[in-house]
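Here is the structure we will look at.
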Amino acid sequence: MGPVSQVTAPPATLLRAFAQVMGEAHVLTGDAAAGFGVDWTGAFTGSPAAVLRPGSTAEVAQALRLCADAGLAVVPQGGNTGLAGGGVPLHGEAVLSLARLDGLGAPDPEASQVTAGAGVTLQRVADAGRGLDFGVHIASRASATVGGAIATNAGGLRVLRYGPMRAQLRGIEAVLSDGTVVSHLAGLVKDNTGYDYPSLLAGSEGTLAVVTAARLRLVPRAPDPVTAVAGLPDAAAVHELAQRAMREVPGLLSAEFFGQRGLAVLAERAGVAPPLAVPAPVYLLLEAAGPGAADDLAALVGDVPVAVAVTAADRARLWACRERHPEVAGFLGTALKLDVAVPAHRWVRLATGVAEVVAAADPGAEVIAYGHVADGNLHVNVVPAAPADGRHQDAVFSFVAGLGGSISAEHGIGALKARWLPLSRSPAELALFARIRRAFDPAGILNPHVLPR
Ligand code: MLT
Ligand code: ZN
């Protein structure tokens, strides 16, 4: 999707004012700004009016005050690893990059918490303290940042154990569009003193406030994890084994699904080693840690063909089969990344029916499906043959809505799904969203083309 409106460069006086706030080197225009206009998938391309790279919360506040006064719309951007086109300026907005807010405090071992700037990568949070880890574990963790992960309420590979980004939030610092700084970073586990706005900002896609820092929960680093990949005949067998794993393996961290087609592309194009000597139609990756984890997994899988890894190198080899799946569709074309969830008892219908549903809309399209089976979540990556004019979203999202599901499990609505939000949310809910939004951002400058106004 290309830019949908003409970009008007901000007046020179405004650019000079930004430069006074954050330094000339951090106000980018023209070619220097272009890279901030393209998303990771390459499906969304816009032209930023300017890119602003503030270096502190105070500079974010001053920059937003200038934008609000000038009526300049702003798209906040973190590591730019989003998959729904919500972090790139498709309508000539300015990009507010939080990358320079990369300060990471010392972890508090008693509270198992750390305070991180919005621009800190999730990998740095995970490595913050000896014996500690971060509960949100996503493939893009080396580039995805705290602010962006909060804005999309990122999920990932360990949600079944630790929950999504929202569940890691113990406090937040953010700037409203009028430059007001709101800060609640004490990290109290119990704190019933009114509205939980950190929770509201999780999943708000940059529409309510600009997150500048967060107080995050850390978790004990899982001891001696064991990773297993089982080869199975179909999605029903995957679901059944994952359900049993959740009941019978107390140390379970992950239950991830992928198929043979995606694996074959990864083997051919990226040199990824298949887990089993004999290919299976579908695979379930299970990871568990703690006392008895290996025995629990062995008892669970029984005589199903399985590859098991305990060393870091072997585990990484097995994980590559799943973690590199986001790249598969990119090897075949430009992907539409549809990320959906249904109630647990409907996951098999979703996983078995979705390719047919896409084929009815576009018989030549390629569908690569993988995802977080324990969360009822399936990533449906579509490489269209017919024009990407919304027919693929129509087909998949209507199917999902019919199953009582959500059109966005963890990637957000962004530009990719905006039109279809009413499939998941009622008119009353959408009207409430708009009222909340006006309360936070009366100037209407924060990511105005994402989520209802
Ligand atoms: C994943 O689960 O791998 C991520 O959500 C990224 C993706 O869906 O491509
Ligand atoms: Zn995912």
Side-chain angles (χ1 to χ4, degrees), residues 1-12 14-19 21-57 59-60 62-64 66-68 70-102 117-122 140 142-152 154 175 177 204-207 209-212 330 334 337 411-416 445-450:
M1 183 193 260
V4 292
S5 68
Q6 279 302 74
V7 178
T8 317
L14 183 56
L15 292 175
R16 270 199 300 277
F18 287 138
V21 170
M22 61 198 76
E24 212 168 317
H26 300 300
V27 180
L28 314 179
T29 54
D31 288 351
F36 293 78
V38 187
D39 83 322
W40 181 84
T41 64
F44 295 96
T45 307
S47 298
V51 174
L52 311 174
R53 303 180 72 243
S56 67
T57 301
E59 289 181 11
V60 172
Q62 289 178 65
L64 282 176
L66 288 168
C67 292
L72 177 62
V74 173
V75 175
Q77 191 180 93
N80 199 7
T81 57
L83 297 169
V88 284
L90 300 178
H91 302 262
E93 301 92 334
V95 167
L96 185 67
S97 166
L98 285 311
R100 292 180 62 224
L101 301 192
D102 61 355
V120 174
T121 63
L122 300 192
S140 57
S143 349
T145 54
V146 165
I150 293 170
T152 53
V175 185
S177 65
S204 64
E205 303 192 36
T207 62
V210 175
V211 174
T212 48
T334 301
K337 312 223 18 132
H411 296 168
I413 297 300
L416 180 66
I445 60 161
L446 292 179
N447 221 357
H449 300 282
V450 164

> For Thr145 and Ala118, which heavy atoms make the closest approach, and how far apart are they?
Replying inline: CB-O, 3.3 Å

>> Can you list everything that forms a side chain to side chain donor-acceptor pair (under 3.5 Å) with Asn447? Sequence neighbours excluded, please.
In response: none

> Which pairs, with at least one residue in residues 22-35 and sequence neighbours excluded, count as a side chain to side chain donor-acceptor pair (under 3.5 Å)?
Replying inline: His26-Arg53, His26-Arg100

In a table with atom names and distances, give each donor-acceptor pair under 3.5 Å that connects a side chain of residues 70-79 to protein atoms at least two apart or in another chain.
residue: Gln77; atom: NE2; partner: Phe36; partner atom: O; Å: 2.9
residue: Gln77; atom: NE2; partner: Gly87; partner atom: O; Å: 2.9

> Is any side-chain heavy atom of Leu446 less than 4.5 Å from a side-chain heavy atom of Val210?
Replying inline: yes

>> If I compare all heavy atoms of Val51 with all of Ser97, which pair ends up nearest, and what's the gap?
In response: CG1-CB, 4.5 Å

> To the nearest 0.5 Å, what is the distance between NZ (Lys337) and OG1 (Thr41)?
Replying inline: 8.0 Å

> In Å, rounded to the nearest 0.5 Å, how long is the span from OG1 of Thr45 to CG of Leu90?
Replying inline: 8.0 Å

> Rounded to the nearest 0.5 Å, how far does CD of Glu59 lie from CG of Leu96?
Replying inline: 11.0 Å

> Quick one: side-chain contact (heavy atoms from CB on, under 4.5 Å) partners of Thr212, sequence neighbours excluded?
Replying inline: Thr57, Val60, Leu101, Glu173, Val175

>> I need the minimum non-hydrogen distance between Gly414 and Glu205, along with the two atoms involved.
In response: N-OE1, 2.8 Å

> Which atom names give the shortest non-hydrogen contact between Gly412 and Ala84, and what distance separates them?
Replying inline: O-CB, 3.7 Å

> For the residue pair Leu52 and Cys67, what are the closest heavy atoms and their distance?
Replying inline: CD1-SG, 4.1 Å

>> Going by side-chain contact (heavy atoms from CB on, under 4.5 Å), name the residues that satisfy it together with Thr81, two or more places apart in sequence or in a different chain.
In response: Ser140, Ser143, Ala144

>> Can you list everything that forms a side-chain contact (heavy atoms from CB on, under 4.5 Å) with His411? Sequence neighbours excluded, please.
In response: Leu83, Asp339, His379, Lys417

> Atom CD of Glu93 and atom OG of Ser47: how far apart are they, to the nearest 0.5 Å?
Replying inline: 10.5 Å

> What distance do Leu28 atom CG and Leu15 atom CG have between them, rounded to the nearest 0.5 Å?
Replying inline: 10.5 Å

